[in-house]
*Asks:* 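One structure follows; several queries about it will come next.
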Amino acid sequence: MSSPYPSQPFADWDGTPAAARALQQTLAAQVRLVDDFPPLRLIAGVDVGFEEQGQITRAAVVLLDAQTLEVVAQSLTRIPTSMPYIPGLLSFRELPAVLQALQALPAVPDLIFSDGHGIAHPRRLGIAAHLGVVTGLPTIGVAKKILTGEHEELGEARGAQVPLRDRKTGEVLGTVLRSKERVRPLIVSPGNRVSLASAPRLVMQYVTRYRLPEPTRLADRLASRRDEKAAAARLRR
DNA sequence: GCGACAG
DNA sequence: ATCTTGTCGC
């Protein structure tokens, strides 16, 4: 199969926030909330970090065996940051680097877990949904905080979940999921080609002993240089 | 107008 | 996101 990755994630974008929001509405209409992925063989986790006071965007992708969770490959990309962080426009800041990192992988994943939201977004196009639409691949958003939406109290048990809904319409945007006991819940929402019901189930399928599912947890470590920083701090002491 | 606001 | 040590609790 040919590469599903476009060279750049925003066709005809003039760079303005207003145009970005308009483009999001167009792309959001292309999101498909139905389970449409093959038996999972390879899954990927993507996340982005920054260096040099934010001037360098660093994207990390980890490819895992869906059965053993063994790391099959990793990819890291560093490019100049092109835009500031604006709530609601995260994908425009981070996707360029993410796409480059994905292209560098030796194989195309069957499902991608992305840090950030899928459709649980003001215009239903969080970074996971945006990534899913431009690549055509199945994606799920795994965020640590709510961007939009509200929910009822959540149970304390591992696996407890409650729907995240639009405050005005009641539309279900995702799931507030307690991936582990005594931890703040994760906000899980479909990106593309995954149903609202399956998203949290798939996340729990890859949660081991940490709050975050393995794909996202490992990508997060790479993107934020967890190991390097820990080593540096240790040496200084 | 005011408050909220993924990473 | 990032800047940063130790510390309380499972």
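Keep in mind that what you see is a predicted model, and the values were worked out from it rather than measured. Below, chains carry the letters A, B, ... as their sequence lines are ordered, and counting in each starts from 1.
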*Asks:* Could you tell me whether A:Gly126 contacts a base, only the sugar-phosphate backbone, or nothing, with contacts defined as non-hydrogen atoms closer than 4.0 Å?
*Replies:*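 Counting heavy atoms under 4.0 Å across all strands, the contact made by A:Gly126 includes a base.
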*Asks:* Can A:Tyr85 be classed as stacking with the base of B:dG7, given a centroid separation cut-off of 5.5 Å and a plane angle cut-off of 30°?
*Replies:*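 According to the criterion (under 5.5 Å, under 30°), yes, A:Tyr85 stacks.
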*Asks:* Mind calculating the distance between CG (A:Leu147) and P (B:dG7) to the nearest angstrom?
*Replies:*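 The distance from CG of A:Leu147 to P of B:dG7 comes to 9 Å, rounded to the nearest Å.
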*Asks:* Round to a whole Å and report the spacing from CZ of A:Phe113 to P of B:dA6.
*Replies:*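 Taking atom P of B:dA6 as the reference, CZ of A:Phe113 is at 22 Å.
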*Asks:* Using the ring of A:Phe92 (Phe, Tyr or Trp, six-membered ring only), decide whether A:Arg21 places NZ or CZ under 6.0 Å from its centre and within 45 degrees of its axis.
*Replies:*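 Judged by the rule, A:Arg21 and A:Phe92 form no cation-pi pair.
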*Asks:* Between A:Leu125 (CG) and B:dA6 (C1'), how many Å, whole number?
*Replies:*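 After rounding, the reported distance stands at 13 Å.
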*Asks:* Looking at A:Tyr210, does the NZ or CZ of A:Arg217 lie under 6.0 angstrom from its six-membered ring centre and within 45 degrees of the ring axis?
*Replies:*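 Cation-pi check for A:Arg217 and A:Tyr210: passes.
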*Asks:* Closest heavy-atom contact between A:Pro215 and A:Ile43?
*Replies:*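 Closest heavy-atom pair between A:Pro215 and A:Ile43: CG-CD1, 3.6 Å.
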*Asks:* For a quick check of understanding: with a heavy-atom distance under 4.0 Å over all strands, which category does A:Gly88 fall into, base, sugar-phosphate or nothing?
*Replies:*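 The answer is base, as A:Gly88 lies within the cut-off (heavy atoms under 4.0 Å) of a base atom.
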*Asks:* Can you tell me how far P of B:dA6 sits from CG of A:Leu89, to the nearest Å?
*Replies:*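 It is 12 Å, rounded to the nearest whole Å.
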*Asks:* Could you tell me the separation between the CG atom of A:Leu131 and the C1' atom of B:dA6, rounded to a whole number of Å?
*Replies:*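 After rounding, the gap between these two atoms is 15 Å.
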*Asks:* Would you say a side-chain N or O of A:Thr148 is under 4.0 Å from OP1 or OP2 of B:dA6?
*Replies:*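 Looking at the OP1 and OP2 atoms of B:dA6, neither is under 4.0 Å from any side-chain N or O of A:Thr148.
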*Asks:* Expressed as a whole number of angstroms, how long is the span from A:Lys145:NZ to C:dA1:P?
*Replies:*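 Spelled out: NZ on A:Lys145 to P on C:dA1 is 8 Å.
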*Asks:* Among A:Glu171, A:Gln25, A:Gln24, which one satisfies side chain to side chain donor-acceptor pair (under 3.5 Å) with A:Arg124?
*Replies:*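 Option passing the side chain to side chain donor-acceptor pair (under 3.5 Å) with A:Arg124: A:Glu171.
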*Asks:* Atom NE2 of A:His130 to atom P of B:dG7: distance rounded to whole Å?
*Replies:*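 From A:His130 NE2 to B:dG7 P: 18 Å.
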*Asks:* Any donor and acceptor pair, going by atom type alone, linking the side chain of A:Thr135 with main-chain N or O of A:Leu137 inside 3.5 Å?
*Replies:*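 Yes: the side chain of A:Thr135 pairs with the backbone of A:Leu137.
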*Asks:* Would you mind classifying the nucleic acid contact of A:Ile127 as base, sugar-phosphate or nothing, using non-hydrogen atoms under 4.0 angstrom?
*Replies:*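 Since a base atom lies under 4.0 Å of A:Ile127, the category is base.
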*Asks:* Find which nucleotide of DNA chain C each of A:Lys144 and A:Arg182 is nearest to by heavy atoms, and output the residue with the more 5' nucleotide.
*Replies:*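 Nearest nucleotide further toward 5': that of A:Lys144.
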*Asks:* Taking NE2 from A:His121 and P from B:dA4, how many angstroms apart are they, rounded to a whole number?
*Replies:*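 A:His121 atom NE2 is separated from B:dA4 atom P by 19 Å.
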